[in-house]
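Order of the sequence lines sets the chain letters (A, B, ...), proteins ahead of strands, with each chain counted from 1. Since we're looking at a predicted model, the values are computed, not measured. Values reported hereafter were calculated over all heavy atoms of this structure, with side chains retained and with hydrogens, waters and symmetry mates removed.
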Amino acid sequence: MLLSEVRHQTDAHTQVQRSLESDRVPHAYIFHGPSGIGKELFAKGLAQLFLCEAPTTCAINGPEPDDSKPTEIRVGCGACRSCQSAKAGTHPDLHLIHRLLAREHPEPEVRKRKARFVSVDVIRHFLINRVALKPQLGRHKVFIVCEADRMNDAAQNAALKTLEEPPPNTTIILIVRSTEGLLPTTLSRCQIVRFDPLPGEFVLDSLAQLRPDLDKNLADWYAKLSGGSVGLALEHIDDNLYAINQQLMEQLESVMQGRCDGIAELWSDQAKALGELEKKRDPEISPTEASRQGLKSVLFLASAFFSDLLRASCGVSGTTVNRDTVDRFKNLAAKIHPERISDAIGRIAQTERQLDQNVNAQLCIETLLFDLVDLVNKTHSPA
Amino acid sequence: MKFRFNREEMSDALKAVCAVAAARTPKPILRCVRLEVQSDVLLLSGTDTELSVRCAVTQVEVDEPGDTLVVADTLSKIVNECDDEILNIETDSSQLHIRGAGSHFQVVTQDADEFPLVPTMEDGPDFAVERDALFRLVEWTVFASARESTRYAMNGVLWEVEGDQLTLVATDGRRLSLAKAKLAQASKAKVPSAIVPGKAMSLLSRLPGSAAGNVGVKITSNQLLMSIGGAMISSSLVEGHFPKYQDVIPQDCDRIVEVKTADLLGALRRASLLTNEESKGVRFAITDDSLTLSSRAPEQGEATVSIPVKYKGEPVEIGFNPVFLLDVLRVTHADDLSMAFKEANRPGLIRLGQDFLYVVMPVSLASA
């Protein structure tokens, strides 16, 4: 859990280390970037450094593996009692705040509610109330708010005063996927640290370590699909998206040939199956929301397919996910104008937004499929 | 680890530990009680990291010392439900066996090394207060402290020691409660003041032990430790600077009303029946030897209640939130008290001898 374990986040490292060196450590950070790329690990590593009894330095390599210029960064020692209890998750001055803490809230009313958001009750009880206490071991205290973009407005407003002016020796880290969900008042009170997607090879290496049984080609496919996120790749592996993708390719093949009957039903079935898996991951999710998330995974795959087509028709191939399928469609892709393909991708993104706005899922897919067929037909018909 | 113990003593000690050992916590180890068996004593400790308690059980016969963790709630229920006078506890590598006449429980244990350190009062207390006196101070102040306020310092109760006097102060910005008591044993060195979370102080009354006796107190830079009998509480302190409470206490309240506590409590409860969120205020109209409380809730109705008081002077009209007054009247336990006012827009003052003082801000009467 050391800070040095976070790889390929040079910008984040540089930004944070610089503030440490100049002794102007902000009391609140926002770590933002796609999920599964090391934000939480970084936050915990930073917490360990703050809490460590004997901080030390450590050299990490630059962004490229063969970068000869290692950078010195400050890290926790990893050996003292404080570091060990931070690693074990039992450090009394390291507080992890997440929406499911609502279940541990003393008020039964709060426990009963679905914990879809980081609620104001959680923020009041677990952040505002605890921030007021002196550190137990006397050095520092760190609060890490996971999924802080799921704080609703009330929760964010409640936290404003604390973010602006926490007691001395307190650091609050908000972890978010994107800063969009945060109020401007929250943003302006924190130093924002951006995290970038990881390089493909690193994701592949991590998958080889974490899932050694996974076939190498499959791992490659998952690594590319994840777009540089180990966490997302692992989720996709658990969902067995590859198998779903195989079926999807056939369905999209018929779409490309102008037929879309029956596909909408197949997609909703898949969405339901994926939703069940999502439910296991997040027990607080409602059935509708679960199948909506499932459907989004299907749309994500479809959008990956069209991105591949677009790459093929523009002659770029480096990051193609579905190489073999694209080879099959090469001729077809050549015939379709790149703009049409990009329209298709845009249309899928629009559907995702509609799903977020509670539009009927079945209707969404059906109109999407009709539109996709339309786009393809337009290409076939003489201009 | 192997020992026999008196069930009732153990049950009392476990109750205190269960009050601290978190029933709901993201860190499962905090649900546990630590059993430390030494040559002639069993130490039980529990913590939620902010607040810790350690109780000694002395009626034990130890065959083999040891150290283990079990879920506090489970152990407490087992010990409560048994009706034997003496129970046996023995551990093997992963389980704790509790044996009584005809019953045998096996409870899964955890590694005691992972349990957070529960602080001890190493070089004795700084000062001591009589138990009953401290309980009274706690009762008089805790209710007035703020909850979950972003003005951190007001979330706790201020402890100040000066000479041989302990002063506790609590405020939430709208009322302030101050209580004093003489120390049973004064401190030799200067004791730093501390802001203590109310939770730790409420726990004090749940500790086992005889009613008489003194509470030893020690204040460190980040903790307050209290020991009584064989039990000890340690609590994290609250950060920040407590408001300058001396400036809040009005010095010029010259309109003094003497009233029977029970009369006022009853009258306030009746008058507050017709208040609501929008009009919380109850109007106090004081004339010679009479206090009239009136309230009005829009679209509901009005209430007027009069009680006899001792007052001579110019009539006063002033509005108060009845909740703030009911809170204090419930804990005074005195037959008579005195209220003092200056004007309708100045705070009111309630006094109980020299030891207790309560300042309450008035509400605007325009809507009442």
- [ ] Check each atom of B:I195 against the heavy atoms of chain A and say whether the ones under 4.5 Å are side chain, backbone, both or neither.
- [x] neither
- [ ] Considering only heavy atoms and a distance below 4.5 Å, find which of A:R130, A:R103, A:E165 pairs most often with chain B.
- [x] A:R130
Open item on the list: Given heavy-atom pairs under 4.5 angstrom as the criterion, report whether the side chain, backbone, both or neither of B:Q223 touches chain A.
Closed with: side chain
Task: Under 4.5 Å from a heavy atom of chain B, the part of A:L133 involved - done: both
- [ ] Working to the nearest 0.5 Å, report the span between NE2 of A:H91 and NZ of B:K27.
- [x] 9.0 Å
- [ ] First locate atom OH of B:Y152, then atom OG1 of A:T170, and finally report the distance between them rounded to the nearest 0.5 Å.
- [x] 7.5 Å
Open item on the list: Counting heavy-atom pairs under 4.5 Å with chain A, which one of B:T49, B:T47, B:N155 comes out on top?
Closed with: B:T49
Task: Heavy-atom pair with the smallest gap, counting every atom of B:L117 and A:R81 - done: CD2-NH1, 3.4 Å
Open item on the list: Taking ring-ring contact (aromatic ring centres under 6.0 Å, His included) as the cut-off, I'd like each qualifying pair that reaches into residues 157-184 of chain A, sequence neighbours left out, listed once.
Closed with: none
TODO: Please say whether more than 12 non-hydrogen atoms of neighbouring residues, nucleotides or ligands are located less than 6.0 Å from CD in B:Q246.
DONE: yes
Task: Expected output: side-chain A:K134 to main-chain B:G240 donor-acceptor under 3.5 Å - done: no
Task: Neighbour count above 12 (heavy atom, 6.0 Å) for A:F117 CZ - done: no
Task: Region of A:P106 that comes under 4.5 Å of a non-hydrogen atom in chain B - done: neither
Donor-acceptor pairs are to be reported for all side-chain atoms of residues 71-78 of chain B against protein atoms at under 3.5 Å, with residues two or more places apart or in another chain.
residue	atom	partner	partner atom	Å
B:D73	OD2	B:K77	NZ	3.1

Task: Interface moiety of B:P119 toward chain A, non-hydrogen atoms closer than 4.5 Å - done: neither
Task: Contact origin within A:A158 toward chain B - heavy atom pairs under 4.5 Å - done: backbone
Open item on the list: Heavy-atom count check: over 12 atoms from other residues, nucleotides or ligands less than 6.0 Å from B:R151 CZ?
Closed with: no
Open item on the list: Between B:S235 and chain A, with a heavy-atom cut-off of 4.5 Å, which part of the residue counts as in contact: side chain, backbone, both or neither?
Closed with: neither
Task: Flag if over 12 foreign heavy atoms under 6.0 Å of CD, B:Q95 - done: yes
